[in-house]
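See below for the structure under consideration.
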Protein chains: 2
Amino acid sequence: MSLIVMKFGGSSVGTPERMKRVASRIVERKREGHQCVVVVSAMGDTTDELIDLSKQIADGNPPAREMDMLLTTGEQVSVALLSMAIHSLGEPAVSFTGWQAGMYTEAVHAKARITDIQPKRVLAALDAGQIVIVAGFQGMSEEGEITTLGRGGSDTTAVALAAAIKADVCEIFTDVDGVYSTDPRVVKCARKLGEISYDEMLELANLGAAVLHPRAVEYAKNYNVSLVVRSSFNHNEGTYVKEEAAMEQGIVVRGIAYDKNVARISILGVEEKPGQLAKVFTALANAQVDVDIIVQSGVLNGLADFSCTVSLADRETALQAIEAIRPSVGFREVTSEINLVKVSIVGAGMVSTPGVAAKMFEVISDLGISILLVSTSEIKTSCVIENSRLNEVISALHSAYGLDTEETAFVGGPSERR
Amino acid sequence: MSLIVMKFGGSSVGTPERMKRVASRIVERKREGHQCVVVVSAMGDTTDELIDLSKQIADGNPPAREMDMLLTTGEQVSVALLSMAIHSLGEPAVSFTGWQAGMYTEAVHAKARITDIQPKRVLAALDAGQIVIVAGFQGMSEEGEITTLGRGGSDTTAVALAAAIKADVCEIFTDVDGVYSTDPRVVKCARKLGEISYDEMLELANLGAAVLHPRAVEYAKNYNVSLVVRSSFNHNEGTYVKEEAAMEQGIVVRGIAYDKNVARISILGVEEKPGQLAKVFTALANAQVDVDIIVQSGVLNGLADFSCTVSLADRETALQAIEAIRPSVGFREVTSEINLVKVSIVGAGMVSTPGVAAKMFEVISDLGISILLVSTSEIKTSCVIENSRLNEVISALHSAYGLDTEETAFVGGPSERR
C-alpha cells in the first residue's frame, strides 16, 4: 500500500464528464489498495470567468486580497464536485479547502509562498479510509486571510502536501503524456522522456514547457519528492522527475525548449562611463519589467551597445522606462525587435561535456540563420533567433543531439528501474 | 453615528450593474457617517446553477457536507465582488466568509443553527474604518466544517450578526418596498405597512410572505433586534418590525396572507378507539411529512374522520404512509384534494377583539364559498378554501377589515415616530 498524491489540472476536470472520469481514476487507485490524496484546480475556464466578472465590477486593479477571496471559490467548487463524484462511485471521500487542509502561507496575496503545512485533518481522514480532496492553489495566512499561490499554484500545493505527508509519489496529471524532448507539435519525432532531473525540469519549466510549474519543481527538489508527470486521459507511463544522481548517465542534452514570448530591446550608442548598465536595469526593475538575457557589446569610440530580452507584454513599458532616463544616461537611440524566439538546449551533462554549446551555434549557422543573443548556464544554452525558421532549427538540433533515436530517448526510462 | 447591518438578497446583486448600485448605496450610508456591516447572498441564480452542476456529477443525493462546500462558494463570490465594487468607489472595504466573521454553527449540514458568534474580526475592521462585507447563509462548526443555515439563511446571518455586534438597526433590502397588508399582485389597494410586530411578521412569514425568513424574525424577536424591510431599488421608507408594546394600538388585522402550496388529506371512517390520531400523525412524522392544520370531525356510529393539510410535494408520501398503517388503524378510505388555498388573517389585536374570526367566516360564506378547514392561533385565523376564487376572497377580506383605507394602513407608520 502506497500513499499517493494525485494532482489534476483545470482541463482534466473541465466538464462534468471529465470530472467523473477523474473520479473513476482515483477510485481505481484506491481499490488497488492505495491511500489517495487528490489536489485539484478550478474547472476549465472558471478562473478566467471569475476574473472577467471582477473586471465588470471593479475599475482598475481590484485589491489582491479580494481577488484571492474570489478566485479560491473556483477550487472549492472543484473539490466539492469531485468528492460528490467519488461518493457516487461508492467510495468515501472528503473535500478540504486550503485552510482546512492546513496549508499556511505568507500574509501576501496573489503569490503567497507556503510557510507551513499542518495536515492533521488530511491524515485523520486518510486513517479513516477516506479519499481526501484538497483545493489546490490556495492557503491561509496566520491571520486567517485566504491567500493564493499564483500561477501553477496547484502543482505547488500537490508537491508541498506530498512532502508534508511523506507520500510515496506525487502524480501530476495533465493533458499530455509527460515531458517531451521537445514540442511534439513542432518536431514529429519528439519523444516522451522516461525520466528527467529536477534541475533539467526546472530549466525546461522556466523556458516555457508549461507541463509543470517551476516553483513546484523547486519544492520537489528541495524536499526530494518523487514526481511523475502523466496523462489524465490514458494510462501510459509518464515522465519521472528525480535526483540527477539516481539517473542513468550519458545523456548530454535532455530536451529542447523554445519561447516565442520574447522582445529584444537595444540601447545603442551609450556613453561609456561607470554605472551605466546599472542605471538602465534599475530603471527597468523599477518599472516591474522582468529582464531575461542581458548583453553588453564591446566599446567603440567611447560608445557601447546594450541589448536585453523582455516579454512581449513588457516591451512598451521597457521602452518608456529607458526613454525616461535618456538625460541621465546619454545614448543615441533605443530600438526594439519582435518576431523572435528563444531556443534552448537543456541537459545536466552539458557542464562536463565540452563543445555542446558550440555544436548548437554550428547547427544554427549551418542553416544560414543569425544568432542575435546568447545566454548560458551550467545546464542550458539559449539562443535568440528570428522566429520564421523555428521548426527547422528545432528539428536540426533534435537530430544533432541524438534525440531522434528511440534508444537515446528512452535510456534510463522508468520501465527498467521500477 | 449609527452601527448598521444591511442585508442584500441574491436578486439585489444579481448582475454586475446591480452589484454596483448596491455598492453605491452602501457607500452613501458610510458617507452619512455610519458604520456599515453588509450581509450578502449569492448572486441571482448562482445557487441554482451550482445545484444543477452537482446533479450532473453526483447520482442521487450528494452528501450534505459536500453540498455545503459547494454552495458556500456562491456567497464568497458575492462578498469579494461587492468589496471590489466599494473599493472602486473609493471607500475601504473588507470581505469575510462565514468562518472568518466568526459565525459558529451546529455540526449539521444544509440547515445548521447558529450556536455562537465571535465577531472579533468584524469589529476590528469597523474600528479601522472599513465597510465589512460578510457572506450570508454560511458558518463553521467547532470542528472547522463549513456549514449552511438553509433557506433564508442570509436573513438569519444579518439579524444574528446585528444582535452580536449590537447594531442600531438591521436593514433587510429586498425587491419589494416592505411588508404589505396583502399581496399587491392580488389586491390593487394593498398597502405597505409602516410597522408590524415580530409575532405578526412571524405568522406572515410562516404563511408564505417570502419577504423575511421566519427564523430570522424569531432571532430578531429573541434578541430584540430593530429590523426594517425595504427596497434595494429605491429610497422609500420600509416596514419596521418591532416589539408589539412599542407600536400604536388599534389595528386588529394587520395583513392577509395566502398559501397555495396546500393539499388536504382526509382519512375517512376511522374506527374510534384511543390512540388512533397519534398513530396516524406519528406515521406522517416518521415519513418526514410536515403537517399543518389537523382536524378531527365528530364521531358517528363509532367511526371518525380525520383531515389535515400537507404541502403539495408531500402529498404522495403522506398517502403512502397512511396506507401503510391501514392494518393497525383500520379506516374506510384515505383521499386527497388539491387546487386549494389557505387564506389567513394576521393581527396581534385579534386575541382581545371578539368576533374577528366570525367576520372572516361571514365574508367568505357571503361569497357562497365553502370553508373546508379552519385553524386559529392567538394572532391569526386560517381558512382552507378552493383556490378558484382566491382573489375575490382576499379583496373582500381586505375591505372588511378596513385595510383599504389609507388611514388604517398607515396608523403608527414610521414617519410619525422617528
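Convention: sequence-line order gives letters A, B, ...; per-chain numbering from 1.
- Contacts of B:Glu145 with chain A are made by both backbone and side-chain atoms, with heavy-atom separations under 4.5 Å.
- Contacts of B:Ser78 with chain A are absent, with no heavy-atom separation under 4.5 Å from either backbone or side chain.
- In this structure a side-chain-to-backbone donor-acceptor pair under 3.5 Å is missing from A:Thr73 to B:Val77.
- Taking CD of A:Gln100 as the reference point, atom CE of B:Met140 lies at 8.5 Å (rounded to 0.5 Å).
- Only the side chain of B:Leu50 comes within contact range of chain A, judged by heavy atoms closer than 4.5 Å.
- Interface summary for chain B: among A:Leu53, A:Leu82, A:Asn61, the most heavy-atom pairs under 4.5 angstrom belong to A:Leu53.
- Here B:Met84 contributes atom CE and A:Ser54 contributes atom OG; the two are 5.0 Å apart, rounded to the nearest 0.5 Å.
- Proximity to chain A is absent for every atom of B:Ala23, based on heavy atoms less than 4.5 angstrom apart.
- Crowding of A:Arg21 atom CZ: a count of heavy atoms from other residues, nucleotides or ligands under 6.0 Å exceeding 12.
- A distance of 13.5 Å separates NE2 of A:His87 from CD1 of B:Ile57, quoted to the nearest 0.5 Å.
- Atom-to-atom distance recorded for B:Trp99:CH2 and A:Ile146:CD1 is 5.0 Å, nearest 0.5 angstrom.
- Judged by distance alone, with hydrogens and angles left aside, the side-chain atoms of B:Lys20 form a donor-acceptor pair with the main-chain N or O of A:Gln56 at under 3.5 Å.
- Here the shortest heavy-atom pairing between A:Ala58 and B:Ser88 reads CA-OG, 3.2 Å.
- A pairwise comparison of heavy atoms in A:Thr97 and B:Met69 identifies N-CE, 3.5 Å as the closest pair.
- When every heavy atom of A:Arg65 is checked against every heavy atom of B:Val94, the shortest pair comes out as CZ-CG2, 3.3 Å.
- Between chain B and the options A:Ser95, A:Gly74, A:Ala85, the largest number of non-hydrogen pairs under 4.5 Å is found for A:Ser95.
- With hydrogens and angles left out, the side-chain atoms of A:Glu66 and B:Ser83 include a donor and acceptor closer than 3.5 Å.
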